[in-house]
There are 2 protein chains.
Amino acid sequence: MKNATDKKPDLSAQIAQAIRDAIVEGRMIVDERLPSEAELAEQFDVSRPTVREALKRLAAQSLIRTQRGAFGGAFVNRLSYEEAYGQQITTSTLLLSMNAVSFETACEARYALERACAPLAATRRTPDHLATMRAEIHRQSQPGLSDESFCASDVAFHRALVDAADNPVLSYQLAGAVEAMQPLMNMITFTARSRGEIVGIHTRIADALEAHQAARVDEALRALEAYTLILGQNVMAERARKTP
Amino acid sequence: MKNATDKKPDLSAQIAQAIRDAIVEGRMIVDERLPSEAELAEQFDVSRPTVREALKRLAAQSLIRTQRGAFGGAFVNRLSYEEAYGQQITTSTLLLSMNAVSFETACEARYALERACAPLAATRRTPDHLATMRAEIHRQSQPGLSDESFCASDVAFHRALVDAADNPVLSYQLAGAVEAMQPLMNMITFTARSRGEIVGIHTRIADALEAHQAARVDEALRALEAYTLILGQNVMAERARKTP
DNA sequence: GACCTTTAATTGTCTGACATTCATAGATCA
DNA sequence: TGATCTATGAATGTCAGACAATTAAAGGTC
């Protein structure tokens, strides 16, 4: 009889897990070179293609990087914030698109997290952050802008807000929440009127940050959440009407 | 001359990216079967091992699952919250351990995010959540508990707090932040006195949630952050003293 | 001393084969 | 008929061996 403990994952998965454990538990340190594929094959008593499949699994998680040529090989990779962002964003985006997460739920999560940054951002924002935000606000006011570009600019604005909190861990966590919303936001058709409304709130946020007034930032974010929610619900209602 | 646009990633990486795009952009839907490895090899004009390496990359990100036997193959996987948690946690943990993130930064991020859940949790907490939290508080009060078990219980308590916000997207995002802190927390030796202090604050949090008082939850979380920070700094100071 | 060439190690890729798994279809038997 | 057993074939999993491409370092040439 087969029970749950009988599970026999692929050899390549087992080997990947063994190496992953070694890395996570600190038995292999950053930039340390793994044995060559041939050596690993011998150690684990499998063929080279199997080892390679294991290494590709790890490479997909940015746990290792490989280098060809003499003195090349696979090295434990220092997971950079950039790489982590990327992973975070694809995972979050797929999670949202595949699990029928409602617009309301995603919106609520995103703005709750963003408000968590507000007090820190109000304290630590630099002129640089403010300049970025003002520039994005200006772009958002251009009349000829496509909906897609408007959304992209919106994301850039909010990333600047998050980055203003000057906490890389927060930025990393928030990247997923903000970017994953984009596909949902892209479904919205922004009228001139709604764009004006959003630009207005963005300006309030930038002003409040400039004045170091955390409470006003919080307030503006709540207004933006409420307004975004209405826009999203209109889209959903429209959709439901078309495909009953 | 080679410039940045000349980059030629591995064939397996290219193929993985092509399939990943198809999934992310919705051209392949959940549970849809990919062509067989032999067919993919023909389509992309590469050998089967190369295709397999690409598929393993995708499997490592939980984007596909494979099934052996007749009518088996690779299928687009519905990314579950469980799988996403797992990825999130390993990535966050590695990010923190590999990038010399200070205790202060990690702590600040974690509690900022957790406070973001507080208002929602205060509104939506169920008796179930409260029961879990009380149970963990009780466990934390046991005298014989090891530091590791105390930490594990601490994590369980905070997960219950996060889950009480009843927003799966928030839970997912927070899982990384809370769990990734554990290796850092594990370095702390909890004295009977500090445990008592923490249990006290946990009790305040549970009480405030029970009374639906968001402001008091927020306040208790701030107290907990301040206290955790002190404990962490003591550890760091001790360490610095030992290895000057 | 600067530049070129060889060399060896290592990853990337291909070919072909065999092992293993498993749903279905067909064969067997009560 | 109906149930059970047994091929069958399609697919993934694994292996072995080979060659191509890349690259750092050693050695040779001017």
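Letters A, B, ... are given to chains in the order of the sequence lines, protein chains preceding strands, and every chain is numbered from 1.
Between E108(A) and L120(B), the shortest heavy-atom contact is OE2-CD1, 3.6 Å. For the pair Q140(B) and S153(B), the tightest heavy-atom approach, listed with the atom from each and the gap, is NE2-OG, 2.9 Å. Shortest non-hydrogen contact noted between I29(A) and G26(A) is CG2-O, 4.2 Å.
If you take CD of Q14(B) and C1' of dT13(C), they are 13 Å apart, rounded to a whole angstrom. Rounded to whole Å, atom C1' of dT12(D) lies 13 Å from atom CG of L34(B). For the pair F75(B) CZ and dA23(C) C1', the computed distance is 12 Å after rounding to whole Å. Remark: C1' of dT12(D) and CG of D10(A) are 9 Å apart, rounded to the nearest angstrom. Residue L11(B) contributes atom CG, which lies 12 Å from atom P of dT15(C) at whole-angstrom precision. The separation between F71(A) atom CZ and dT11(C) atom P is 13 Å, rounded to whole Å. If you measure from atom CZ of R48(B) to atom P of dT15(C), you get 13 Å, rounded to the nearest angstrom. One can place CZ of R68(A) at 7 Å from P of dT23(D), the figure rounded to the nearest angstrom.
Contact between the side-chain N/O atoms of T66(A) and the OP1/OP2 oxygens of dG12(C) is found at a separation under 4.0 Å. Proximity of R52(A) to the phosphate of dT11(C): no side-chain N or O atom is located under 4.0 Å from OP1 or OP2. At least one side-chain nitrogen or oxygen of T50(A) sits closer than 4.0 Å to the OP1 or OP2 atom of dC15(D). For the OP1/OP2 pair of dA10(D) and a distance below 4.0 Å, the side-chain nitrogens and oxygens of S36(B) include no atom meeting the criterion.
Ranked by how close their nearest DNA chain D nucleotide is to the 5' end, A38(B) and V46(A) are led by A38(B).
Taking the ring axis of Y85(B) as reference, the NZ or CZ atom of R159(B) stays within 45° of it and closer than 6.0 Å to the ring centre.
Separation of the F150(B) and F190(B) ring centroids falls under the 6.0 Å cut-off.
Residue R33(B) is classed as a sugar-phosphate contact, given heavy-atom separations below 4.0 Å to backbone atoms only.
Comparing dT11(C), dT12(D), dG9(D) by their closest approach to the side chain of A70(B) singles out dG9(D).
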